[in-house]
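Each remark here refers to the structure printed beneath this line.
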Amino acid sequence: MNAPLALEIALVDASQAPALVTELAELLVHTVAHGASIGFLAPLALSEAQAYWQAVCAGLPDGEWLWVARVAGQLVGTVQLSPCPRANGRNRAEVCKLMVHADWRGQGIASLLMAALEGKARKLERGLLFLDTEAGSGAEALYQSLGYTRVGEIPDYAASPDGRLRPTALYYKLLIERSLNPLPGAESEA
């Protein structure tokens, strides 16, 4: 019988984030090198990955959210939540850049990261989560297993790390049903 993972899922505070940039950048470079279509082409320079994470960390005080997964102290995964800032979109948030190090995939880490993200989204009263992922990728099975609904796909949406244009699949998940209820803070037209 295998020993349980010494896994920790942590929400990153804005003050802690700058110290994580190098580890996050290394994870991003590794993930792209292993074929994940997450906005970058291979080979991804560490400096470009660091610049990306510096920008993400700068947005944390402004309502963006970031989680990391560690196994025995090693950063092995991450995910981001980006709530819509507009008044008419206060019910939704985007799931961004779910990554798990290739050596740690299949251990349930992505599911635990998503559970943490969804819990926070509920606390923020974000009833709708949405995301896109490369059509035909292994990520589709993960999102479907977590209850996300595939809406469709857009052809030639983004280049995979090797530069080939690939379709993206669009997904959503309703966390809070609000079809007849106004958003918190919304004025009724009475």
Side-chain angles (χ1 to χ4, degrees), residues 7 9 12 20-21 23-57 59 64-71 74-84 89 92-121 126 128-175:
L7 176 66
I9 305 290
V12 177
L20 298 175
V21 166
E23 284 181 289
L24 288 164
E26 289 169 351
L27 176 63
L28 178 56
V29 168
H30 170 86
T31 304
V32 171
H34 283 81
S37 179
I38 51 176
F40 299 91
L41 298 177
L44 176 60
L46 185 60
S47 60
E48 184 179 352
Q50 288 173 321
Y52 168 76
W53 283 111
Q54 287 167 345
V56 168
C57 292
E64 301 292 315
W65 301 90
L66 171 67
W67 288 263
V68 295
R70 291 186 179 280
V71 174
Q74 176 190 355
L75 194 143
V76 298
T78 186
V79 70
Q80 299 165 52
L81 180 68
S82 181
C84 180
R92 69 179 183 263
E94 183 176 6
V95 176
C96 303
K97 304 282 190 277
L98 175 62
M99 291 179 254
V100 175
H101 192 283
D103 293 346
W104 292 97
R105 291 182 188 152
Q107 305 290 315
I109 295 170
S111 295
L112 292 171
L113 283 164
M114 290 296 291
L117 177 145
E118 290 177 10
K120 184 61 163 182
R126 300 297 170 138
L128 170 70
L129 296 180
F130 67 97
L131 60 91
D132 72 278
T133 192
E134 183 177 322
S137 71
E140 284 202 89
L142 168 73
Y143 294 125
Q144 290 170 7
S145 76
L146 296 175
Y148 285 76
T149 301
R150 191 179 202 268
V151 178
E153 65 182 56
I154 302 171
D156 294 346
Y157 184 79
S160 59
D162 66 7
R164 290 180 295 134
L165 288 176
R166 302 282 299 143
T168 195
L170 305 172
Y171 283 85
Y172 76 91
K173 183 174 183 177
L174 287 173
L175 299 178

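For the single chain, residues carry numbers from 1 onward in sequence order.
Between Leu142 and Ser111, some side-chain heavy-atom pair lies under the 4.5 Å cut-off. A 4.5 Å side-chain heavy-atom check between Gln80 and Val56 finds at least one atom pair inside the cut-off. Contact of the Gln74 side chain with the Trp104 side chain is registered, since non-hydrogen atoms from C-beta on lie closer than 4.5 Å. With a 4.5 Å cut-off on side-chain heavy atoms, Leu128 and Lys173 do not count as touching. Looking only at side-chain heavy atoms (C-beta outward), Leu129 and Leu117 come within less than 4.5 Å of each other. For the pair Leu41 and Asp162, the minimum side-chain heavy-atom distance is 4.5 Å or more. In this structure the side chain of Trp53 reaches within 4.5 angstrom of the side chain of Leu66, judged on heavy atoms. You'll find the side chain of Arg70 stays beyond 4.5 Å of the side chain of Leu7, heavy atoms only.
Taking CH2 of Trp65 as the reference point, atom CG of Leu81 lies at 8.5 Å (rounded to 0.5 Å). Rounded to the nearest 0.5 Å, atoms NE2 (His34) and CZ (Arg105) are 7.5 Å apart. Atoms CE and CD1, from Met99 and Ile109 in turn, are 14.0 Å apart once rounded to the nearest 0.5 Å. Going from atom OG of Ser37 over to atom OH of Tyr157 covers 10.0 Å, rounded to the nearest 0.5 Å. Taken to the nearest 0.5 Å, the CD1 atom of Ile154 stands 14.0 Å off from the CZ atom of Arg166. To the nearest 0.5 Å, atoms CD (Gln107) and CG (Leu112) are separated by 11.0 Å.
In summary, Glu118 and Arg126 do not engage in a salt bridge, as defined by a charged side-chain N under 4.0 Å from a carboxylate O.
Pairing each heavy atom of Ala159 with each of Leu165, the nearest pair is N-CD2, 4.0 Å. The two residues Glu153 and Pro167 have their closest heavy-atom pair at OE2-CB, 3.6 Å. In this structure, Val76 and Leu27 approach most closely via the heavy-atom pair O-CD1, 4.0 Å. Taking every heavy atom of both residues into account, Met114 and Val79 meet most closely at SD-CG2, 4.2 Å. Between Pro161 and Ala36, the shortest heavy-atom distance links the atoms CG-O, 3.1 Å. The shortest non-hydrogen separation linking Leu28 to Ala49 is CD2-CB, 3.8 Å.
Taking the six-membered ring for Trp and the full ring otherwise, Tyr52 and Phe40 have centroids separated by under 6.0 Å.
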Evaluation steps, side chain to side chain contact (heavy atoms under 4.5 Å, CB included), between Trp67 and Lys120 | CA-CA 11 Å; Trp67 288 263; Lys120 184 61 163 182; 3.4 Å; yes
Kindly determine whether Glu26 and Leu46 satisfy side chain to side chain contact (heavy atoms under 4.5 Å, CB included), including the steps that lead there.
-> CA-CA 7 Å; Glu26 289 169 351; Leu46 185 60; 4.1 Å; yes
I would like to know whether Leu131 and Cys96 meet side chain to side chain contact (heavy atoms under 4.5 Å, CB included); could you show each step before the answer?
-> CA-CA 7 Å; Leu131 60 91; Cys96 303; over 6 Å; no
Should Asp132 and Glu94 be marked as a side chain to side chain contact (heavy atoms under 4.5 Å, CB included) after you check the CA-CA gap, both sets of side-chain angles, and the distance that decides it?
-> CA-CA 9 Å; Asp132 72 278; Glu94 183 176 6; 4.2 Å; yes
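A search for salt bridge (charged side-chain N to carboxylate O under 4.0 Å, His left out) contacts involving Asp156 returns nothing, not counting sequence neighbours.
No side-chain donor-acceptor contact under 3.5 Å links Thr133 to the backbone of Ala169. The main-chain N or O of Ala102 is found under 3.5 Å from a side-chain atom of His30 such that the two form a donor-acceptor pair.
The aromatic rings of Tyr143 and Tyr171 sit tilted, their planes meeting at an angle between 30° and 60°.
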